[in-house]
Visitor: 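The structure's right below; bear with me while I get my questions together.
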Amino acid sequence: LPAGTFETSTTIVKFGSRSLKVTSVNTQQIANAGNAMGTGDFVRAVWMYDDGTTNPYYYFGIDPTTSPSANAKLLGINFNTSATAYAYYDGSTWTATAVNRTTAWHHFQFRRVSGTLKMYIDDTEVYSASISANYQYFIIVNNAHSADDPIIYFDRISSGYPTTGTWTSP
């Protein structure tokens, strides 16, 4: 992993006894997906804890390169886009969704089946497009702007390869 701090937390946990706590300020974490998603069908998902703070910038995403590219796709919180709703990034523009922010764990998913990439927040589809990019990386971002901004928690970062057009979240 590049610069930044990942820790485990036993304080805020969705599944099991630990979650991934990102404590760095102004960092972007890009990790190789182990086995790249490639150009075929895939699913990438994560649970993210939203503590309801007023000035966060937290994202989870996928990208074919190690730096955000025109093919990067992101889901999360972008306070400049909306303070009250989750947002997605389609490679050029942040867009607010109809999914309202709440203080709780939320499920973010990327699913590509038969060349169509769909993004979901809490099982609500927020984006769909035909995309053939060769996705190699997943991105975890804590883009806080000061040490006073909150840390972020992720749990059950998962990947898979659906064999049908449907996939049920864990």
Side-chain angles (χ1 to χ4, degrees), residues 1-37 42-63 66-68 72-90 94-111 117-127 135-160 167-170:
L1 295 172
T5 305
F6 285 132
E7 301 174 10
T8 58
S9 172
T10 57
T11 307
I12 297 177
V13 176
K14 175 72 176 166
F15 299 100
S17 61
R18 299 183 192 281
S19 65
L20 178 66
K21 178 180 175 181
V22 183
T23 58
S24 300
V25 175
N26 290 326
T27 62
Q28 177 172 289
Q29 305 295 336
I30 302 176
N32 189 311
N35 51 359
M37 295 157 272
F42 64 82
V43 176
R44 290 292 185 263
V46 69
W47 287 86
M48 184 178 78
Y49 184 76
D50 183 355
D51 67 2
T53 57
T54 58
N55 194 28
Y57 298 86
Y58 303 128
Y59 325 125
F60 172 72
I62 57 175
D63 201 336
T66 59
S67 60
K73 305 296 181 238
L74 305 171
L75 290 168
I77 305 166
N78 183 316
F79 192 72
N80 286 335
T81 301
S82 175
T84 60
Y86 294 102
Y88 70 86
Y89 179 74
D90 66 2
W94 278 99
T95 303
T97 71
V99 181
N100 289 325
R101 289 184 60 202
T102 60
T103 302
W105 284 96
H106 296 278
H107 199 214
F108 297 86
Q109 301 173 25
F110 298 86
R111 301 181 203 168
L117 177 69
K118 295 183 179 185
M119 298 190 294
Y120 297 84
I121 301 173
D122 293 335
D123 294 324
T124 298
E125 183 181 313
V126 297
Y127 174 86
Y135 287 101
Q136 300 290 320
Y137 298 90
F138 67 88
I139 304 167
I140 298 173
V141 179
N142 175 2
N143 230 0
H145 294 285
S146 75
D148 296 329
D149 284 342
I151 52 183
I152 189 70
Y153 298 86
F154 294 98
D155 208 334
R156 195 171 275 174
I157 300 170
S158 60
S159 62
W167 184 77
T168 304
S169 62

Visitor: Specify whether H106 and Y86 have parallel, tilted or perpendicular ring planes, treating 30° as the upper limit for parallel and 60° as the lower limit for perpendicular.
Guide: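 Tilted: the ring planes of H106 and Y86 meet at 30° to 60°.
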Visitor: Which distance, rounded to the nearest 0.5 Å, do you find between the CZ of F108 and the OH of Y88?
Guide: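 Reported value, rounded in 0.5 Å steps: 14.5 Å.
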Visitor: Once rounded to the nearest 0.5 Å, what's the spacing between atom CG of D90 and atom OG1 of T95?
Guide: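 Reported to 0.5 Å precision, the distance equals 5.5 Å.
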Visitor: Just verifying a value: how many Å separate L75 CG and R44 CZ, rounded to the nearest 0.5 Å?
Guide: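 Answer for the CG-CZ pair, L75 versus R44, is 14.0 Å.
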Visitor: For the residue pair I12 and S19, what are the closest heavy atoms and their distance?
Guide: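 Minimum heavy-atom contact is O-OG, 2.6 Å.
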Visitor: Rounded to the nearest 0.5 Å, what separates atom OH in Y89 from atom OH in Y127?
Guide: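 Between atom OH of Y89 and atom OH of Y127 there are 11.0 Å.
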Visitor: Indicate yes or no: at least one non-hydrogen side-chain atom of D155 is less than 4.5 angstrom from one of W105.
Guide: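 Yes, close enough: below the 4.5 Å cut-off.
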Visitor: In terms of relative ring orientation, are W47 and H107 parallel, tilted or perpendicular, with 30° and 60° separating the classes?
Guide: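 Ring orientation of W47 relative to H107: parallel.
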Visitor: Check step by step if side chain to side chain contact (heavy atoms under 4.5 Å, CB included) holds for F110 and L74.
Guide: CA-CA 9 Å; F110 298 86; L74 305 171; 5.6 Å; no
Visitor: Does any non-hydrogen side-chain atom of R111 lie less than 4.5 Å from one of V43?
Guide: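 Yes. Closest side-chain heavy atoms under 4.5 Å.
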Visitor: Could you tell me which non-hydrogen atom of A85 sits nearest to which non-hydrogen atom of T97, and how far apart they are?
Guide: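 Heavy atoms of A85 and T97 come nearest at CB-O, 3.4 Å.
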Visitor: Under 4.5 Å between any side-chain heavy atoms of K14 and Y49, yes or no?
Guide: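 No; the side chains remain at least 4.5 Å from each other.
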Visitor: What I'd like to find out is whether the side chain of L117 reaches to under 4.5 Å of the side chain of I62, using heavy atoms alone.
Guide: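 They are in contact (side-chain heavy atoms under 4.5 Å apart), so the answer is yes.
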Visitor: Give, for atom OH of Y153 and atom OG of S9, the distance between the pair rounded to the nearest 0.5 Å.
Guide: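 One gets 4.5 Å once the value is rounded to the nearest 0.5 Å.
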Visitor: If I compare all heavy atoms of S17 with all of T10, which pair ends up nearest, and what's the gap?
Guide: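 Closest approach of S17 to T10, heavy atoms only: O-CG2, 3.5 Å.
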Visitor: Between CG of D122 and CD of Q109, what distance do you get to the nearest 0.5 Å?
Guide: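 Those atoms lie 9.0 Å apart.
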